[in-house]
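All values below were derived from every heavy atom in this structure, side-chain atoms included, with hydrogens, water molecules and symmetry-related copies excluded. Both counts, for ligands and for their atoms, begin at 1 and track the order of listing.
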Amino acid sequence: MAENFDVKLDSKTYIPDPSYLENSALGDYKKAYAEFLSDPDGFWAEKARELDWIKPWDKVKEWNWPNARWFCGGKLNISANCLDRHVKNGRRNKLALIWKGERGKEEIYTYRQLYRAVMKFANALKELGVQKGDRICLYMPFVPEHVIAMLACVRIGAVHSIVYAGFGADALHSRIKDAEAKIVITADVGIRRGKIVQLRSIVADAVRNSPSVEKIVVLSRERCPIELYSEMEVDFYAIQEGVSEECPPEEMDSEDPLFILYTSGTTGTPKGIVHSSGGYIVGAHYTSKYIFDIKENDVHWCTADPGWITGHSYIVYGPLSVGATVLITETTPDYPDPGIWWSLIEEFGVTIFYTAPTAIRMFMKVGEQWPEKYDLSSLRIIGSVGEPLNPEAFEWYYRVIGRNKCPILDTWWQTETGMHMITTPLGQPMKPGFAGVPIPGVVADVVDKEGNPVPPGQGGLLVIKEPWPAMMRTVYNNPPRYNHYWNQIRDWYTVGDLAVKDEEGYIMVIGRSDDILIVAGHNLGTAEVESALVAHKAVAEAAVIGIPDDLKGQAVKAFVTLRQGFVPSQKLVSELTYHVRMTIGPIAMPSAIEFMDKLPKTRSGKIMRRVLKAKELGVDPGDISTLEE
Ligand code: WTA
C-alpha cells in the first residue's frame, strides 16, 4: 500500500461512564502523559520500583541509537516477581490460574501451588543440564504446564522460545535451528476442535538435523506415564521425581535476555525477536496495571495462545506480575458451539476479556443469540488486539458483549514492542476505528517518508520516536535486521504500519505497509508462504498476496507458475494447499490458488505483487513503468 492517501474521519464518539476514570489506576490521561514528558526516566523508574529487584539499577536508561539498555546494573528474576512476591505478600492462596480444557476438564493453581510446581520443574531442567542462557523451545498445547514451563525457564535464567503448536514441522525446525535450542518441551498430543494433534511426531520430524537438541521433554496430555520413543525423550513428570522442591531464583541482569519469539518478516526467514528481562517486565507490569487496570478481584481472560506475544505479555508475565487471577483455556471460539466463550465468562465471572477482531467478526456472523444465552454482566472491560477493529465490529462488540457499558481497549502493539503502545485509556472518549492515543511512556507519530508529520486525515507511516523499556533488544543472530527498524525514517522506530491521525491526535491504524499479511490476527510473511510453495516439486515460482476477507481480515491468495511436466488441476490446488498447511501450519493455507503462465515482474526480476493485487481487487495498479512487459 502506498503511504499517500486520505481518510474520511467522521467517527461517532462513545463516552464511557465516569466511574471508569475515577477508579482507574492511570487516572487522567493528559495529566499522566504530561508527567511522563516532563521526566521520562523518572516516570519509568517509578513504575519499575513497583517490582522486586535483587539489586536496584544504577541508571534508568542508556540510549546509544539504535541500542537501548534499561535499568542498567539492576538485578532481578521475573519468576520471583510473578510468584515469590505474591506468595510472600498475601496472595499465597489466591487463584493464579484457572484452566478449562476443551473436554470440560478444569484445573486450578493458587499462587503457592504454581510457585511450587515451577520450582520443581525448574530443578528438573537443571538436572537435564540446562544452564543460564541456554535456549529452550516450547511446543506445547495450552495446559497449565505450558505456563509452568515458561516460568521454570525464567527462574533458572534459560531463554524460552515458544513456537505456537499449530505450526508444522518445517516451521518448528527452522526456529529450533536458529535459536540452537538445547531442549524441546512438548506433549504427546494436543487437542484442537475435538481432534487429537500428534505433537510428538511433529517434534520428531523437526529435530532431525538439529544437532543442538539434547533432550525432548514430553508431557502426557492426560498426565499418565507414557512410553518413550527414543533415547532423547524424557517424561515431563518422571524427571521431577526426587528433585528438590526448592529452587532459588537465578539472579538476572536487567539486560539478560528473557525470551526469543519468532515473528514473520518480509524475507522467508522468520525473525527471532529478543526481549530483555528488566525492561520487558516493567512494560508488561505497567500496562497490565495501568492500561488493563487489573484490580485485586479481577478475573482476566486473554484468549490468545502463549505462542504469540499477546500470550507472553497478557496471559503470563503481565497479569501474574500484578498478582491477577488468570483464566486459561484451550478452547477455540466456535467449538463445540459459538456459545462456548460466553459460557466461560458466565461460569468464571470473567471481568476483563481480551480477544481479536477476527473472533469478534466470526461472532457477529453467527448471531447475537449465542451471547444472549449467557450472563455477561461480570464483564468490566473488553479489549481487542492483532489487527484493526473496524467500526462495525467495534459497535457490535460494545453493544452485544459490553452491553453498552464496558469500555473497549483496542490496543495497538507488536511482538517487537513487547507491550501496549497505543490505545484509548480507560475513561477517555472512544472512537470506533481508532486504536487511540500513545499511552504515557510512548512517543508516537504519523509521518511521511522523510519524517515530516502529516496533517490530520492524511495517511502516513507510524513511527515511535523514543525508546521504551519493553522494546526488543535485537533480532537473534541477525543484528542488521534489528537496525533496519531504526534506520528507515530519521532515527525513529518504523513499525511497518500505515496510519492516520485526527485533529485530536487519535490514531487509526490501517494495515501493514510491507509484505506482511495479518491473517486472523496472525503475522505471516508473503515470502514465507512463497518459499513453502516453491519447495513443492510442481511449483516453479509463486507470489502471494493478501485479499480482503470478512472474517479473517485478510486471506492468503497464491499465484503459481508450474514446472515443466505439471498441469493445472483442482487436485494440484488441494495438494499445494495441504503442502503449505504441513510446512507452515493451517494459518498459512491459501484460500485460493491461481495458476499463471508468467508472474508480473520488474525488469530486475522482482515479482510485482502490487500488480497482482490491483488486478485481483480491480483497482489501479499505480506506477507500472518498471514492469517487464
Ligand atoms: C497489527 C500483536 C490495528 C499491526 C500484538 C502490527 C494492529 C501487527 C493492532 C503486530 C490494533 C496489532 N489495530 N492493527 N489494535 N494490534 N496490529 O507482532 O499491523 O503479532 O504491526 O503483535 O499487528 O503483530 P504481532
*asked:* Strictly below 4.0 Å, N to O, side chains only: are R609 and E530 in salt-bridge contact?
replied: yes

*Using a strict cut-off of less than 4.0 Å between a Lys/Arg side-chain nitrogen and an Asp/Glu carboxylate oxygen, indicate whether K12 and E395 qualify as a salt bridge.*
no

*Test ring-ring contact (aromatic ring centres under 6.0 Å, His included) applied to W63 and W468, W70, W486, the passing residue*: W486

*Of Y397, F434, Y398, which meets ring-ring contact (aromatic ring centres under 6.0 Å, His included) against Y14?*
Y398

*For ligand 1, what are the residues with a heavy-atom contact below 4.0 Å?*
I309, T310, V385, G386, E387, P388, D410, T411, W412, W413, Q414, T415, D497, V509, R512, I518, N523

*If you take all heavy atoms of P407 and R380, which pair is closest and at what distance?*
CD-O, 3.4 Å

*List in chain and number order the residues that pass side chain to side chain donor-acceptor pair (under 3.5 Å) with K501, two or more places apart in sequence or in another chain; answer none if no residue qualifies.*
D445

